[in-house]
Enquirer: 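The structure's right below; bear with me while I get my questions together.
Values below: every heavy atom of this structure, side chains too, minus hydrogens, waters and symmetry copies.
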Amino acid sequence: VIARSCFDALCHLHSKRFCFADLKPSNVMLQNAEPSYATLVDYGATVRIGSPLIEFTRSYCLDADTITATEHLDWICLGTTLAQIGGFDILNFERAADLVNQVCSSTKDDNLKRLIVSCLQSPSSSKIESALNQLE
């Protein structure tokens with residue numbers, strides 16, 4: 001639910017040519033009713049794609065470009081956020097490739113691993129959506 005809701009919100013922002021730029025667990029609010037969903041909060045870092053970033057949280061960006069707002073940055077932050085929620089200590093990593101290696105070698109659910117990797121390794125909305133669909 002968290003992954004799908006965040007993905008949908010990011011796709012909507014990207015369709016309007018905006019980058020959220022600061023996706024992390026503290027910027028995701030959960031509804032406590034059925035059907036449940038998550039929503040993004042704190043749009044203070046959101047800027048137009050291609051613009052300079054004004055705010056971000058380094059540990060969720062890993063080695064993504066933090067000068068210019070891109071969809072790629074949002075996908076990396078989504079992957080890092082999902083990894084942290086999934087039990088990985090993201091503070092141990094500076095590069096997406098290193099987190100991908102840790103995720104792939106873990107004993108976590110294969111579908112969860114596939115989703116996290118789809119966000120961190122050459123991410124695209126179609127690739128991430130395909131991984132999400134395998135979870136449903």
Side-chain angles (χ1 to χ4, degrees):
V1 168
I2 294 169
R4 172 56 76 181
S5 296
C6 290
F7 173 78
D8 290 345
L10 291 176
C11 283
H12 179 72
L13 281 172
H14 295 166
S15 76
K16 304 295 183 190
R17 306 300 301 151
F18 282 97
C19 173
F20 189 74
D22 199 24
L23 182 59
K24 57 189 176 184
S26 63
N27 286 345
V28 178
M29 298 295 288
L30 302 176
Q31 180 188 20
N32 62 351
E34 292 296 330
S36 185
Y37 65 91
T39 190
L40 299 181
V41 297
D42 189 1
Y43 282 75
T46 301
V47 295
R48 286 220 170 263
I49 289 175
S51 299
L53 291 174
I54 56 172
E55 182 183 335
F56 57 88
T57 304
R58 169 66 61 196
S59 54
Y60 292 91
C61 300
L62 300 174
D63 56 345
D65 173 13
T66 54
I67 296 171
T68 306
T70 62
E71 292 176 14
H72 182 263
L73 173 65
D74 279 344
W75 298 138
I76 294 293
C77 292
L78 176 60
T80 307
T81 295
L82 296 175
Q84 186 175 43
I85 292 169
F88 294 93
D89 184 359
I90 64 156
L91 298 179
N92 289 332
F93 304 97
E94 292 181 15
R95 297 175 4 156
D98 296 333
L99 180 53
V100 165
N101 289 338
Q102 180 71 35
V103 168
C104 289
S105 65
S106 76
T107 59
K108 302 283 184 192
D109 176 77
D110 284 342
N111 289 327
L112 174 61
K113 293 192 308 190
R114 192 174 300 112
L115 175 58
I116 293 169
V117 170
S118 74
C119 296
L120 297 174
Q121 194 172 61
S122 303
S124 69
S125 58
S126 60
K127 188 174 169 184
I128 297 166
E129 183 157 36
S130 177
L132 277 167
N133 289 340
Q134 294 178 20
L135 287 173
E136 296 171 349

Enquirer: Nearest 0.5 angstrom please: L120 CG to L115 CG, how far?
Expert: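 Spacing of CG (L120) from CG (L115) equals 9.5 Å.
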Enquirer: Can you check whether I2's main-chain N or O pairs, donor with acceptor, with S5's side chain at less than 3.5 Å?
Expert: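 Absent.
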Enquirer: Just jot down the salt bridge (charged side-chain N to carboxylate O under 4.0 Å, His left out) partners of E129, sequence neighbours excluded, or say none.
Expert: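 Result, salt bridge (charged side-chain N to carboxylate O under 4.0 Å, His left out) vs E129: R4.
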Enquirer: Counting distance only, does the side-chain N/O of K127 pair as donor-acceptor with the main-chain N or O of Q121 below 3.5 Å?
Expert: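 At least one qualifying donor-acceptor pair exists.
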Enquirer: Locate the shortest heavy-atom distance separating C77 from C61; write the atom from each residue and the value.
Expert: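 Answer, listing the atom of C77 first, then C61: SG-SG, 4.0 Å.
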Enquirer: Looking only at heavy atoms, what is the nearest atom pair of L62 and F93, with distance?
Expert: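 Nearest heavy atoms, L62 then F93: CD2-O, 3.6 Å.
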Enquirer: List, by chain and number, the other hydrophobic cluster members for V47, where Ile, Leu, Val, Met, Phe, Trp and Tyr join if side-chain heavy atoms come within less than 4.5 Å, directly or indirectly.
Expert: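 Answer for V47: L53, I54, F56, L73.
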Enquirer: Got a sec, which pairs hit ring-ring contact (aromatic ring centres under 6.0 Å, His included) with one end in residues 19-49, sequence neighbours left out?
Expert: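 Qualifying pairs: F20-Y43.
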Enquirer: Should L10 and L40 be marked as a side-chain contact (heavy atoms from CB on, under 4.5 Å) after you check the CA-CA gap, both sets of side-chain angles, and the distance that decides it?
Expert: CA-CA 9 Å; L10 291 176; L40 299 181; 4.1 Å; yes
Enquirer: To the nearest 0.5 Å, what is the distance between NE2 (H14) and CZ (F7)?
Expert: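 Between atom NE2 of H14 and atom CZ of F7 there are 9.5 Å.
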Enquirer: Atom CD1 in I128, atom CD1 in I116: separation rounded to 0.5 Å?
Expert: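 Atom-to-atom, I128:CD1 and I116:CD1 are 12.0 Å apart.
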Enquirer: Would you please test Y60 and L23 for side-chain contact (heavy atoms from CB on, under 4.5 Å) and show each step?
Expert: CA-CA 7 Å; Y60 292 91; L23 182 59; over 6 Å; no
Enquirer: Please name the pair of heavy atoms, one in F18 and one in D74, separated by the smallest distance, quoted to 0.1 Å.
Expert: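 For F18 versus D74, the nearest heavy atoms are O-OD2, 4.5 Å.
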Enquirer: side-chain contact (heavy atoms from CB on, under 4.5 Å) for V28 and C6? Distances and angles first, verdict last.
Expert: CA-CA 8 Å; V28 178; C6 290; 3.8 Å; yes
Enquirer: Restricting to non-hydrogen atoms, name the atom on C19 and the atom on I49 that form the minimum distance, rounded to 0.1 Å.
Expert: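 Scanning both residues, the minimum pair turns out to be N-CG1, 3.9 Å.
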Enquirer: State whether the side chain of K108 and the backbone N or O of G86 hold a donor-acceptor pair below 3.5 Å, judged by distance alone.
Expert: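 It does hold such a pair.
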Enquirer: Could you measure the distance from the CD atom of E55 to the OG1 atom of T46? Nearest 0.5 Å is fine.
Expert: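 Answer rounded to 0.5 Å: 9.0 Å.
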Enquirer: Could you tell me if the side chain of W75 sits less than 4.5 Å from the side chain of S125, heavy atoms only?
Expert: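 Result yes, sub-4.5 Å side-chain heavy-atom pair found.
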Enquirer: Give a yes or no on whether L135 and V117 share a hydrophobic cluster (residues Ile, Leu, Val, Met, Phe, Trp, Tyr; joining criterion: side-chain heavy atoms under 4.5 Å apart).
Expert: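 Yes, L135 connects to V117 through the hydrophobic network.
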Enquirer: Of all heavy-atom pairs between N111 and Q134, which one has the smallest distance, and what is that distance?
Expert: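 Taking N111 first and Q134 second, the nearest heavy atoms are ND2-O, 3.6 Å.
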Enquirer: Nearest heavy-atom pair of S59 and L91: which atoms, and what distance?
Expert: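 That would be CB-CD2, 3.7 Å.
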Enquirer: Please lay out, stage by stage, how R58 and T66 fare under the test side-chain contact (heavy atoms from CB on, under 4.5 Å).
Expert: CA-CA 8 Å; R58 169 66 61 196; T66 54; 3.2 Å; yes
Enquirer: Enter the distance from D22:CG to T57:OG1 here, rounded to the nearest 0.5 Å.
Expert: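 The CG atom of D22 sits 3.5 Å away from the OG1 atom of T57.
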Enquirer: State yes or no: do L30 and L82 share one hydrophobic cluster built from I, L, V, M, F, W and Y residues joined by side-chain heavy-atom distances below 4.5 Å, directly or via other members?
Expert: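 Both belong to a single hydrophobic cluster.
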Enquirer: If you define the side chain from C-beta out and look only at heavy atoms, does anything of R48 sit under 4.5 Å from K16?
Expert: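 They are not in side-chain contact.
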Enquirer: Hey, could you give me the CZ/SG distance between R114 and C119, rounded to the nearest 0.5 Å?
Expert: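 If we round to the nearest 0.5 Å, R114:CZ and C119:SG are 13.0 Å apart.
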Enquirer: Can a donor-acceptor pair be found, under 3.5 Å and without considering hydrogens, that links the side chain of S130 to the backbone of S126?
Expert: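 Pair absent, no side-chain N/O of S130 close to backbone of S126.
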